[in-house]
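Report on the structure given below.
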Amino acid sequence: MPSGHVRRRADAMMARLIIWALKARAGLAAVVITANLSGFGVIVTELWLSGSLSRFGHDWIRSIVLAGIYPSLGFVAGIALALRDRSRHFGWLDQVRKPTEEEARRVLRLPLAVTARSFAVWITGVIVATVTLMHLAPDNDPAVIASLFALGAIESVGLTFLIVDRLIRPTIPVVAAVLGPTMHWSSSVLVRVVVSWAVASALPLLMLIVVLANRAAAPTDRIRTAIYLSVVGLAVGALATAFLARAVATPMRTLRKALDRITKGDLDVRVPVGSTSEIGRLENSVNELAANLLERQRVRDLFGRHVGTEVAERALAGGLDLTGDVRVVSALFVDVTGSVELSTGLPPEEFVAKLNRLLATVVAATEENNGLVNKFEGDAALCIFGAPIALRDNATPALRAARRIRDEVVAAGELDIGIGVAHGRVFAGDIGSDTRLEYTVIGDAVNEAARLTTEAKEVPRRILVSGSVIEAGSPHERAKWTLYETILLRGMKQPTACWTDLDQHADTNGALSSAPSGTADPTIERSAVVEVRTAATEVE
């Protein structure tokens, strides 16, 4: 059978045993009594192997009965106290409810409380047992007897602490849900390591030294007792080390896997909080990390839908300060022709559906050309190329996006639009107040693009761009455009040389493709364009 399968079966059996100990009314008592009886058994076995019990003489039965009075009383008292602890600390389990805050804190204090009480009972027992044995068998060395009892008591107490600490671990997720991220010093990794070291190494070695130093015992008795203690020490050490290693390695392995998933983008991962030690705090921190990253991603996605992904990233990275700079950008403006008539002649939901399809086209064409849809203004949209992400050439993608938007809108045949593109220096950054910011661009290029859009609604190809855009574009892109007309735009002091794109599907006579629905007769428009281009050539 593979070792992994055996380990999983052992873990499952241990988990079932722990759950039983938690749920059964006598479970805690059984655990505590077993831990203390193991220490008592080690002490009695040492006394027997070292020959100390043989020194009781002929009336050894009476001596054993007298010596066993206190352990018997301690046994009965331990059972009663453990039953009381079970009812007091885990009554909420029987009532199938969450613990109150006070009950949750009592659960965290349980290992320390049980250990302290066990220590008090054992120390009293050490004094009583030492005095009793020295009275019944005065040949024994009192220092050796007291040391054996004391070391055995501390061993039993340490083992009790480790077992009870492990017992309450399945309740920690419930306790953490009530108290929040919490940590108890008695369950820290340092305390567990020190106690495990004491139980597994220090105390067995000290007991071995005491046995070997017992001058009242025969050499053969000391040897066999030393062998017994060595075997017990090795066995207990192996078990304690294994449990300690698993207690640290298992949650660390879980944390590593969780962090691997988080780094790959799986932010729904959560790890169970199974400890009130540093590891438990780490488990809680990993859960908070995943939750915060998930919330940040949700905010980024939501924010990005409103202001654009690039602006959202810039805002999240830069904080809340008002920032901005002057940049050279290309501004593309899109506006629907006759939107008032359309909105009054169509049901609102149908008009909005058409408008959303148009804006989806605008967003796709802009973002795929590394631009930003800066804002929607009713049935219009302003797109920026070159801010907030600087582009070495922002004119060429703006021209490509304009052609793609026009072509897809014409193919859909639902709306008629105008597109204007301008190029120049603008302020690009945040405006507003400390409580309300908006990323925007302000400058002549934006105004010029809006004015060009108004004129473009009357142009057969439905696009007008300024000469500065053509000059800034790549040679390959410039070849697709031609001078249309020089126009004095509203609000501008100087005329603007306006360009429109060539019909890539024109016949040999230069015929233009059909204009969008709602435009004038294509034949008349073609004649007008030829006349305008001729006049423009003469002016130049």
Side-chain angles (χ1 to χ4, degrees), residues 34-72 74-75 115-116 118-163 191 193-241 244:
T34 300
N36 285 277
L37 282 179
S38 64
F40 182 75
V42 170
I43 294 174
V44 172
T45 304
E46 287 177 8
L47 294 175
W48 172 65
L49 291 173
S50 63
S52 298
L53 296 181
S54 64
R55 299 185 184 94
F56 285 145
H58 298 291
D59 199 9
W60 60 272
I61 296 179
R62 175 177 171 274
S63 300
I64 291 178
V65 171
L66 290 175
I69 291 176
Y70 183 83
S72 300
F75 179 78
T115 302
S118 178
F119 182 78
V121 173
W122 268 103
I123 290 301
T124 305
V126 167
I127 298 172
V128 172
T130 302
V131 172
T132 302
L133 284 179
M134 291 310 301
H135 175 74
L136 297 174
D139 293 337
N140 288 311
D141 188 337
V144 170
I145 296 300
S147 298
L148 285 178
F149 279 144
L151 293 173
I154 297 174
E155 179 89 358
S156 179
V157 168
L159 187 61
T160 300
F161 173 82
L162 293 176
I163 292 177
V191 171
V193 170
V194 171
V195 174
S196 297
W197 169 78
V199 170
S201 300
L203 293 174
L205 286 175
L206 289 174
M207 294 173 76
L208 181 60
I209 293 172
V210 170
V211 167
L212 293 176
N214 186 7
R215 292 175 294 178
T220 55
D221 292 339
R222 280 182 282 178
I223 291 174
R224 65 179 182 176
T225 306
I227 294 174
Y228 166 73
L229 286 175
S230 300
V231 172
V232 171
L234 288 173
V236 173
L239 288 174
T241 303
L244 178 63

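When a residue number appears, it is its place in the shown sequence, counting from 1. Being a predicted model, the structure only gives us computed values, none of them experimental.
Partner of Val199 under the side-chain contact (heavy atoms from CB on, under 4.5 Å) criterion, chosen from Ile154, Val236, Thr160: Val236. Under the side-chain contact (heavy atoms from CB on, under 4.5 Å) test applied with Leu148, the options Leu206, Val210, Val126 reduce to a single match, Val210.
Residues passing the side-chain contact (heavy atoms from CB on, under 4.5 Å) test with Thr115, sequence neighbours excluded: Val157, Phe161. Every residue two or more places apart in sequence or in another chain that forms a side-chain contact (heavy atoms from CB on, under 4.5 Å) with Ile163 is listed here: Val31, Ala35, Leu159.
Atom CG of Leu205 sits about 6.5 Å away from atom CD1 of Ile209, to the nearest 0.5 Å. Distance CG/Leu234 to CG/Leu229: 11.0 Å, rounded to 0.5 Å.
When every heavy atom of Ile43 is checked against every heavy atom of Ala153, the shortest pair comes out as CD1-N, 4.1 Å. Closest of all the heavy-atom pairs between Ala200 and Gly237 is CB-CA, 3.2 Å. Nearest heavy atoms, Arg224 versus Leu49: NE-O, 2.9 Å. Contact between Gly158 and Val195 at its shortest, heavy atoms only, is O-CG1, 3.7 Å. Between Thr130 and Ala146, the shortest heavy-atom distance links the atoms OG1-CA, 3.6 Å.
Within 6.0 Å of the OH atom in Tyr228, the count of heavy atoms belonging to other residues, nucleotides or ligands exceeds 12.
Counting heavy atoms from C-beta outward, Val232 and Pro204 have side chains that stay 4.5 Å or more apart. In this structure, the side chains of Glu155 and Ser38 stay at 4.5 Å or more apart for every pair of heavy atoms.
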Stepwise side-chain contact (heavy atoms from CB on, under 4.5 Å) check, Trp122 with Asn36: CA-CA 9 Å; Trp122 268 103; Asn36 285 277; 2.6 Å; yes
